Trainee: 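What follows is a structure written as structure tokens; I'll ask about it next.
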Amino acid sequence: MNQLLRKLLDDKKPSRRACHSTGNAFESADYYERQFEEWQQCGFAWAKILAAGDSQVDTVRRLTRKTKIIPIIRFYDTSAPANVVDRGLLQPYLDAGCLLYESPHNEFYAPHENQWGSGGMPADWPQQVANGWSQFANIVLQAGGVPTTPAIETWHYADIFEPLFAVLCEKYAGLLRQSIIAIHNRTLNHPATYDKDPGGFLGWAWCDRFVAARVGPVPIIATEAGPEPGWDQDRTFPQVTPQSHAQMIQDILSWPTPDHYLADCFWLWEGSGAWDGARWKNNAQHMGGQDLPIVNALKAWQPGPPPPPVPPPAPDLPVARLRVAMDERLTLYAWGAKRAWQLG
């Protein structure tokens, strides 16, 4: 494990509770400061924050001075596989106390997140993305930070995670061992116990095993995690309600994970536009403008004994294609053209 990360964990001793703050890279530091008290009441030890350039330097400075919450900065960018991060961009955040930087190559396989667009990714996309990431990771490490890998939804284990990490493990093993694996552990409407394929909370285990078998265990953070109210992609399970959403998140946080599984940054503390139904705060779509139940549940909740663990799938178990109707999720990709709200 990266020694800077090890020292951070030793000093802070953080829990896995975390949030993805907002979808707005230009949200004000004053807004964020108003959230600090409630984040601490919810027990958050980490906060994923979206930034554009130096837009969140003051937020990070206030967060690190006034709380023990660990910031994770992702620079918003849609030009994967190019690297857009340099030392000049990082230094103000490092000076403000931020150690962790998520790769800007967020869900790079979505047409609105890369420079290839609707034409599709070229045949050598794993090499291109790995090369762009290596440039980012080297810059972050040399500056004194800790990088994450490109965030990938766990249900894309077979078609995206495996091809990319095969290259990362072979060509960039040293960099990978000094980094953090970022996943989007979005559970659809599956319970925490779901283990038939990587389309649930336990999808992280597939990713962990693949990497550990090649380079040893690497820390993992789910930089987006959990379900959303209204989700019903797998019709063999109930639709997620505000009440079951709260229970599902508590089940996830109760689940025993290895020490190198660091955090679940639950989606989404507050958002607008396409993300209105997911927001925990002031949710008009499902709660008439009130908070989702998970907010008060986390404030009051004292975790009990964890559920019995489900044995992870055998190393040679073939990964099944997800047996769920993904039409609802795939429509997210169409939102890329309407993302002006995310930038201000």
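Note that the coordinates shown come from a computational prediction; the quantities given were computed from them, not determined experimentally.
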Trainee: Would you say that Q128 contacts W116 through its side chain, given a criterion of any heavy-atom pair below 4.5 Å between the two side chains?
Mentor: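 Side chain of Q128 against side chain of W116, heavy atoms only: contact under 4.5 Å found.
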Trainee: Same cluster or not: L89 versus I139, using hydrophobic residues (I, L, V, M, F, W, Y) connected whenever any side-chain heavy atoms lie under 4.5 Å apart?
Mentor: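 Shared cluster, yes.
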Trainee: For A96, does its backbone N or O pair with a side-chain atom of T64 as donor and acceptor, under 3.5 Å?
Mentor: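 Yes.
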Trainee: So, does H105 use its side chain to make a donor-acceptor pair with the main chain of A82 at under 3.5 Å?
Mentor: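 Answer holds: yes.
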Trainee: Check K68 with D11, please: is the shortest side-chain N to carboxylate O separation under 4.0 Å?
Mentor: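 Between K68 and D11 there is no salt bridge, as every charged N stays at least 4.0 Å from the carboxylate O atoms.
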Trainee: When P150 is tested against each of V129, I183, I160, I181 for side-chain contact (heavy atoms from CB on, under 4.5 Å), which residue passes?
Mentor: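 Result for side-chain contact (heavy atoms from CB on, under 4.5 Å) with P150: V129.
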Trainee: Sort out for me which residue in H20, K281, R279 forms a side-chain hydrogen bond (donor to acceptor under 3.5 Å, both in side chains) with E270.
Mentor: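 Among H20, K281, R279, the one meeting side-chain hydrogen bond (donor to acceptor under 3.5 Å, both in side chains) with E270 is R279.
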Trainee: So R214 and E170, salt bridge (charged side-chain N to carboxylate O under 4.0 Å, His left out) or not? Walk me through it.
Mentor: CA-CA 8 Å; R214 289 158 178 80; E170 180 181 355; over 6 Å; no
Trainee: Do W133 and I72 share a hydrophobic cluster, counting only Ile, Leu, Val, Met, Phe, Trp and Tyr and linking them when any side-chain heavy atoms are less than 4.5 Å apart?
Mentor: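 Cluster IDs for W133 and I72 differ.
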Trainee: Would H190 and F237 count as a close aromatic pair, with their ring centres under 6.0 Å?
Mentor: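 That pair passes the under 6.0 Å test.
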Trainee: Who are the ring-ring contact (aromatic ring centres under 6.0 Å, His included) partners of F266, not counting sequence neighbours?
Mentor: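 Not a single residue meets the ring-ring contact (aromatic ring centres under 6.0 Å, His included) criterion with F266.
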Trainee: Please check this pair: side chain of D10 against backbone of K13, looking for a donor-acceptor N/O pair closer than 3.5 Å.
Mentor: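 Such a contact is absent between D10 side chain and K13 backbone.
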Trainee: Tell me, do W39 and Y32 make a side-chain contact under 4.5 Å, heavy atoms counted?
Mentor: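 Yes, at least one pair of side-chain atoms sits under 4.5 Å.
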Trainee: Ring pair (Phe, Tyr, Trp, His ring centres under 6.0 Å) between Y93 and F75: does it pass, once the steps are laid out?
Mentor: CA-CA 11 Å; Y93 287 95; F75 296 109; 5.3 Å; yes
Trainee: Set out, in order, the CA-CA distance, both residues' side-chain angles and the distance that settles side chain to side chain donor-acceptor pair (under 3.5 Å) for D30 and S28, then state yes or no.
Mentor: CA-CA 5 Å; D30 288 342; S28 72; 5.2 Å; no
Trainee: Side chains of R87 and Q91: closer than 4.5 Å at any heavy-atom pair?
Mentor: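 Counting from C-beta outward, R87 and Q91 do come under 4.5 Å.
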Trainee: Is the shortest heavy-atom distance from the side chain of N138 to the side chain of Y172 under 4.5 Å?
Mentor: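 Of all side-chain heavy-atom pairs linking Y172 with N138, none is under 4.5 Å.
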Trainee: Is M1 close to L9 at the side-chain level, that is, under 4.5 Å between some pair of heavy atoms?
Mentor: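 Side-chain contact under 4.5 Å: yes.
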Trainee: Can you confirm whether Q290 is buried at CD, in the sense that more than 12 heavy atoms of other residues, nucleotides or ligands lie under 6.0 Å from that atom?
Mentor: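 It does not: Q290 CD has 12 such atoms or fewer within range.
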Trainee: With rounding to the nearest 0.5 angstrom, report the OG1 to CG distance, T148 to L262.
Mentor: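 With rounding to 0.5 Å, OG1 (T148) is 11.5 Å from CG (L262).
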Trainee: Measure from the side-chain N and O atoms of E113 to the backbone N and O of F108, and report whether any donor-acceptor pair falls under 3.5 Å.
Mentor: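 Here the side-chain-to-backbone pair does not exist.
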Trainee: Short question: side chain of Q247, backbone of Q243 - any donor-acceptor pair under 3.5 Å?
Mentor: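 Answer holds: no.
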Trainee: Donor-acceptor check, side chain of D54 to backbone of V57, threshold 3.5 angstrom: yes or no?
Mentor: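 Not at all, since once roles are kept as given, no pair shorter than 3.5 Å links the two residues.
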Trainee: Can a donor-acceptor pair be found, under 3.5 Å and without considering hydrogens, that links the side chain of T154 to the backbone of P198?
Mentor: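 Yes: the side chain of T154 pairs with the backbone of P198.
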Trainee: Can you classify the ring geometry of W280 versus W269 as parallel (below 30°), tilted (30 to 60°) or perpendicular (above 60°)?
Mentor: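 Rings of W280 and W269: tilted, 30 to 60°.
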Trainee: Is a side-chain N or O of S55 found less than 3.5 angstrom from the main chain of A25, in a donor-acceptor match?
Mentor: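 It does hold such a pair.
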Trainee: Would the number of heavy atoms belonging to other residues, nucleotides or ligands and lying under 6.0 Å from NZ of K299 be above 12?
Mentor: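 Yes, because the 6.0 Å sphere around NZ of K299 holds more than 12 heavy atoms from other groups.
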Trainee: Is a donor on one side and an acceptor on the other found under 3.5 Å between the side chain of N2 and the backbone of L5?
Mentor: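 Checked: pair present.
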Trainee: Identify the heavy atoms of H245 and L292 that sit nearest to each other, and give their distance.
Mentor: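 Looking at all heavy atoms of both residues, the shortest contact is CE1-CD1, 3.8 Å.
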Trainee: For residues V240 and T187, determine if any side-chain heavy atom of one lies less than 4.5 Å from a side-chain heavy atom of the other.
Mentor: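 Of all side-chain heavy-atom pairs linking T187 with V240, none is under 4.5 Å.
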Trainee: Among R17, K48, H184, E102, which residue meets the side-chain contact (heavy atoms from CB on, under 4.5 Å) test with C265?
Mentor: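 The option that passes is K48.
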Trainee: Can you say whether the rings of F210 and F161 are parallel (under 30°), tilted (30 to 60°) or perpendicular (over 60°)?
Mentor: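 Plane angle over 60°, so perpendicular.
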Trainee: Applying salt bridge (charged side-chain N to carboxylate O under 4.0 Å, His left out), run through R61 and D58 and close with a yes or a no.
Mentor: CA-CA 5 Å; R61 184 179 297 112; D58 193 27; 3.4 Å; yes
Trainee: Between Q239 and G230, is there a donor-acceptor pair closer than 3.5 Å when you use the side chain of the first and the backbone of the second?
Mentor: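 Checked: pair present.
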Trainee: So, Y109 versus W125, ring centres under 6.0 angstrom or not?
Mentor: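 Ring-ring flag for Y109/W125: false, centres at least 6.0 Å apart.
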Trainee: Which distance, rounded to the nearest 0.5 Å, do you find between the OG1 of T149 and the CG of L168?
Mentor: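 Going from OG1 on T149 over to CG on L168, the span is 7.0 Å.
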Trainee: Check whether any side-chain heavy atom of L100 lies under 4.5 Å from a side-chain heavy atom of W46, and answer yes or no.
Mentor: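 Yes; the side chains approach each other to less than 4.5 Å.
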Trainee: Which is it for C42 and V295 under the side-chain contact (heavy atoms from CB on, under 4.5 Å) test, yes or no, and what are the steps along the way?
Mentor: CA-CA 7 Å; C42 288; V295 176; 4.3 Å; yes
Trainee: What I'd like to find out is whether the side chain of L63 reaches to under 4.5 Å of the side chain of F36, using heavy atoms alone.
Mentor: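 Yes; the side chains approach each other to less than 4.5 Å.
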